Amino acid sequence: MAHQINTITKSKYEDFILKKIAKNQDHKKLLSDNYTLDDTIPLVEQVYNLKVDIDDTTKIKITKLFQHIGFLPFVSVDEVSNYVRSQNKKNLILYAHNGTGKTRLSMAFKESGKQRNEEGEVTKRDTLYFNAFTEDLFHWDNDLENDEERRLLINPASAFIIGARNLDIENKIRPLIQRYCDYNFLIDPDYIDKEGKNYWAVNFIREEEVDGTPQNIEYIKVSRGEENLFIWCFFLAIVQLIIDKHADYTWVNYIYIDDPISSLDENNAIALAHHLCQLIKTEGNEVKTIISTHHSLFFNVLCNELGKDKAFLISRKNKEYWLKSTNEAPFLYHVTLIQSLKIAIEKDELYTYHFNILRIILEKAANFHGFDGFHHCIKINDDDEEFTLRTRMINIFNHGSYSLFDPVVMGEENKEYFKEIFANFLQNYKFNEELFVEEITA
């Protein structure tokens with residue numbers, strides 16, 4: 001499907017395109033060299049036309065520029081993948097609702113980094129990815145016959161696994177998983193199942209008190225959330241090997257992570273985002289990282305840790321994809337955070353760290369309206385006796401890392417104050433309710 005760049009109305013060209021590229025002389029020259037204004041027709045109908053005999057390379061440059069500034073859509077996931085690669089940023093964060101195509105994008109990105117020989121065999125690759133397909137490498141043997149030795153089996157044929165065999169991977173995973181879970185584990189890389197297939201087999205172990213004596217209970221079945229945390233920490237251990245430039249992973253130039261927080265609660269989502277950012281910000285790390293998510297809180301923590309200038313919002317309309325930088329679309333970012341709080345209130349799942357998100361929303365609103373502090377956006381009227389208390393509460397719950405790493409359920413009194421502040425904000429600074437129709441899974 002070809003992009004229509006031959007004719008652009010005068011208003012769109014001057015009021016949208018030229019304003020978007022006003023600070024970039026190279027972009028302005030690219031367009032001025034290749035477009036002419038047809039002023040022979042009435043003013044309201046005037047257009048800019050692409051000059052004749054423009055070569056394909058120039059047309060591609062113009063198309064990519066228009067996509068970059070949000071004037072043209074991407075017509076396929078492959079186009080989006082190529083654009084993400086062309087950004088050449090150390091870290092990139094992508095936010096999109098479920099169903100937009102995040103997982104397809106991660107697979108397209110991975111495929112575009114492969115080289116194949118004449119027989120179609122992969123001879124080179126450059127991307128290690130984590131997405132729903134990664135989790136499919138892990139499955140349970142529940143020992144249905146005896147119900148005694150339950151093992152999590154790992155497919156050893158994946159490039160994700162192969163390089164880790166002789167690298168003491170257990171002791172690299174263990175300090176990571178201990179941040180989140182209270183179990184221990186052992187990995188047998190030579191396990192053979194009843195059908196004669198080789199797997200890596202994980203034996204989960206938890207200490208329990210039996211007749212007053214602590215004992216290690218082996219082959220336990222951990223919860224879905226604990227299983228996902230193990231898979232995630234396995235992946236992080238591999239990432240650490242990549243950052244350390246281990247010989248078995250020197251082929252990795254990109255790490256692509258798609259929605260790593262399925263089946264996790266909000267508290268682990270925050271800690272997971274923080275720990276991930278600390279890892280990829282390791283001094284000397286030369287590998288580029290792309291992270292995509294539908295989770296607004298996770299996205300918010302990533303932006304705070306890595307910088308919002310590295311973040312994009314992806315949307316899809318009529319099978320076309322649109323990308324906007326959060327610097328160019330602060331309003332959409334703002335709406336995303338508001339929606340996450342609406343959902344937390346509706347589900348009665350308010351934690352103390354939600355005050356952190358509320359403050360971000362208030363600060364953005366205060367800045368937009370020209371106030372010198374967020375407290376102006378929580379004052380109801382001049383006689384508001386609770387004003388100082390509300391301001392103090394928001395400050396206390398945002399002090400240091402309290403809101404991130406003391407994930408306590410709000411007390412009932414604090415919930416009421418929170419809901420009151422939030423409701424008053426929405427009442428005084430109205431938004432179109434249709435913006436909040438699309439659900440975010442939180």
Side-chain angles (χ1 to χ4, degrees), residues 1-38 45-51 54-97 100-102 104-105 108-109 112 288 290-293 299 302-303 306-336 364 367-368 435:
M1 179 179 175
H3 292 286
Q4 202 296 104
I5 63 172
N6 294 328
T7 302
I8 305 170
T9 64
K10 184 175 184 291
S11 60
K12 288 183 179 179
Y13 187 91
E14 296 180 356
D15 297 338
F16 182 85
I17 295 174
L18 292 186
K19 287 183 178 180
K20 288 285 188 179
I21 64 173
K23 296 181 180 180
N24 192 309
Q25 297 303 316
D26 290 337
H27 291 166
K28 290 168 69 175
K29 187 176 188 304
L30 174 64
L31 297 189
S32 63
D33 287 349
N34 294 289
Y35 279 93
T36 58
L37 174 64
D38 182 359
E45 300 175 5
Q46 287 181 7
V47 295
Y48 280 84
N49 291 315
L50 190 67
K51 294 179 181 179
I54 300 297
D55 61 86
D56 289 341
T57 301
T58 302
K59 289 181 180 179
I60 291 173
K61 286 182 180 179
I62 293 172
T63 298
K64 288 184 176 180
L65 171 60
F66 286 169
Q67 290 172 325
H68 177 74
I69 64 175
F71 180 69
L72 285 179
F74 297 85
V75 297
S76 69
V77 169
D78 289 334
E79 273 198 358
V80 181
S81 171
N82 292 336
Y83 176 78
V84 170
R85 278 187 178 270
S86 71
Q87 291 302 289
N88 200 33
K89 290 192 176 185
K90 182 69 170 55
N91 302 306
L92 203 62
I93 314 164
L94 306 174
Y95 177 88
H97 292 294
T100 302
K102 297 186 306 300
R104 293 193 298 276
L105 176 58
F109 189 96
S112 66
K288 297 179 177 66
I290 300 97
I291 308 168
S292 57
T293 182
F299 175 73
L302 293 176
C303 288
L306 300 177
K308 195 157 67 70
D309 60 318
K310 301 175 176 66
F312 286 86
L313 304 173
I314 304 178
S315 59
R316 186 177 65 172
K317 298 178 182 178
N318 300 322
K319 299 183 180 180
E320 295 177 332
Y321 299 84
W322 297 84
L323 266 67
K324 288 187 178 180
S325 167
T326 52
N327 285 337
E328 296 180 356
F331 174 73
L332 295 179
Y333 176 66
H334 195 66
V335 168
T336 295
K364 289 180 181 296
N367 181 62
F368 179 80
L435 293 170

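This is a predicted model, so every value here is computed, not measured.
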Undergrad: Under the salt bridge (charged side-chain N to carboxylate O under 4.0 Å, His left out) test, which residues partner Asp56, sequence neighbours left out?
TA: none
Undergrad: Please find the pair of heavy atoms, one from Ala108 and one from Val77, that lie closest to each other, and give the distance.
TA: CB-CG1, 3.6 Å
Undergrad: Could you tell me which non-hydrogen atom of Thr100 sits nearest to which non-hydrogen atom of Tyr321, and how far apart they are?
TA: O-CE2, 3.2 Å
Undergrad: Any donor-acceptor pair under 3.5 Å linking the side chain of Gln4 with the backbone of Thr7?
TA: yes
Undergrad: Distance from Lys28 atom NZ to Lys23 atom NZ, nearest 0.5 Å?
TA: 11.5 Å
Undergrad: Hey, mind stepping through Ile291 and Asn91 against side chain to side chain contact (heavy atoms under 4.5 Å, CB included) and telling me if it holds?
TA: CA-CA 8 Å; Ile291 308 168; Asn91 302 306; over 6 Å; no
Undergrad: To check you understand the geometry: which heavy-atom pair defines the closest contact between Leu92 and Lys89, and what is its length?
TA: CD1-CD, 3.7 Å
Undergrad: Nearest 0.5 Å, what's the CG-NZ distance between Leu94 and Lys102?
TA: 10.0 Å
Undergrad: Taking side chain to side chain donor-acceptor pair (under 3.5 Å) as the test, write out the residues that go with Thr293, two or more places apart.
TA: Asp259
Undergrad: Working note: Tyr13 + Leu31, criterion side chain to side chain contact (heavy atoms under 4.5 Å, CB included); need CA distance, chi angles, decisive distance, verdict.
TA: CA-CA 10 Å; Tyr13 187 91; Leu31 297 189; 3.4 Å; yes
Undergrad: Does Lys61 NZ have over 12 foreign heavy atoms under 6.0 Å away?
TA: no
Undergrad: Mind checking what makes side-chain contact (heavy atoms from CB on, under 4.5 Å) contact with Ser11, not counting sequence neighbours?
TA: Thr9, Asp15
Undergrad: Test of understanding: with side-chain contact (heavy atoms from CB on, under 4.5 Å), list the residues that count as partners of Glu14, not counting sequence neighbours.
TA: Lys10, Leu18, Tyr48
Undergrad: Using side chain to side chain donor-acceptor pair (under 3.5 Å) as the criterion, list what pairs up with Thr36, not counting sequence neighbours.
TA: none
Undergrad: If the condition is side chain to side chain donor-acceptor pair (under 3.5 Å), which residues does Asp26 pass it with, not counting sequence neighbours?
TA: none
Undergrad: In Å, rounded to the nearest 0.5 Å, how long is the span from CD1 of Ile93 to CG of Leu306?
TA: 4.5 Å
Undergrad: Would the distance check show the side chain of Asn318 and the main-chain N or O of Glu320 forming a donor-acceptor pair, the cut-off being under 3.5 Å?
TA: no
Undergrad: Mind checking salt bridge (charged side-chain N to carboxylate O under 4.0 Å, His left out) for Lys29 and listing every partner two or more places apart, or none if nothing turns up?
TA: Asp33
Undergrad: Which is it for Ile8 and Phe66 under the side chain to side chain contact (heavy atoms under 4.5 Å, CB included) test, yes or no, and what are the steps along the way?
TA: CA-CA 11 Å; Ile8 305 170; Phe66 286 169; 3.6 Å; yes
Undergrad: So, taking the atom named CD1 in Ile60 and the one named CG in Asp55, what distance separates them when rounded to the nearest 0.5 Å?
TA: 9.0 Å
Undergrad: Using side chain to side chain contact (heavy atoms under 4.5 Å, CB included), reason through Tyr35 and Asn49 one step at a time and then give a plain yes or no.
TA: CA-CA 5 Å; Tyr35 279 93; Asn49 291 315; 5.7 Å; no
Undergrad: So which heavy atom on Ile62 is nearest to which on Leu50, and how close?
TA: CD1-CD1, 3.8 Å
Undergrad: Please list, one pair per line, the donor and acceptor atoms closer than 3.5 Å that link side chains of residues 80-87 to other protein atoms, with sequence neighbours excluded.
TA:
{"unit_1": "Ser81", "atom_1": "OG", "unit_2": "Phe109", "atom_2": "N", "d": "3.4"}
{"unit_1": "Asn82", "atom_1": "ND2", "unit_2": "Asp78", "atom_2": "O", "d": "3.3"}
{"unit_1": "Tyr83", "atom_1": "OH", "unit_2": "His68", "atom_2": "ND1", "d": "2.5"}
{"unit_1": "Tyr83", "atom_1": "OH", "unit_2": "Gln87", "atom_2": "NE2", "d": "3.3"}
{"unit_1": "Arg85", "atom_1": "NE", "unit_2": "Ser112", "atom_2": "OG", "d": "2.7"}
{"unit_1": "Arg85", "atom_1": "NH1", "unit_2": "Asp126", "atom_2": "OD2", "d": "3.0"}
{"unit_1": "Arg85", "atom_1": "NH2", "unit_2": "Phe109", "atom_2": "O", "d": "2.9"}
{"unit_1": "Arg85", "atom_1": "NH2", "unit_2": "Asp126", "atom_2": "OD1", "d": "3.1"}
{"unit_1": "Arg85", "atom_1": "NH2", "unit_2": "Thr127", "atom_2": "OG1", "d": "3.3"}
{"unit_1": "Ser86", "atom_1": "OG", "unit_2": "Tyr83", "atom_2": "O", "d": "2.6"}

Undergrad: Going by the rule side-chain contact (heavy atoms from CB on, under 4.5 Å), which residues pair with Thr63 if we only count those two or more places apart in sequence or in a different chain?
TA: His3, Ile5, Gln67, Leu72
Undergrad: List the residues meeting side-chain contact (heavy atoms from CB on, under 4.5 Å) with Glu45, not counting sequence neighbours, and say none if there are none.
TA: Ile41, Pro42
Undergrad: For Ser292, check side chain to side chain donor-acceptor pair (under 3.5 Å) against everything at least two apart and list the hits.
TA: Asp258
Undergrad: CG of Leu313 to NE2 of His97: how many Å apart, nearest 0.5 Å?
TA: 9.0 Å
Undergrad: Could you give the distance from NZ (Lys90) to NZ (Lys310), rounded to the nearest 0.5 Å?
TA: 10.0 Å
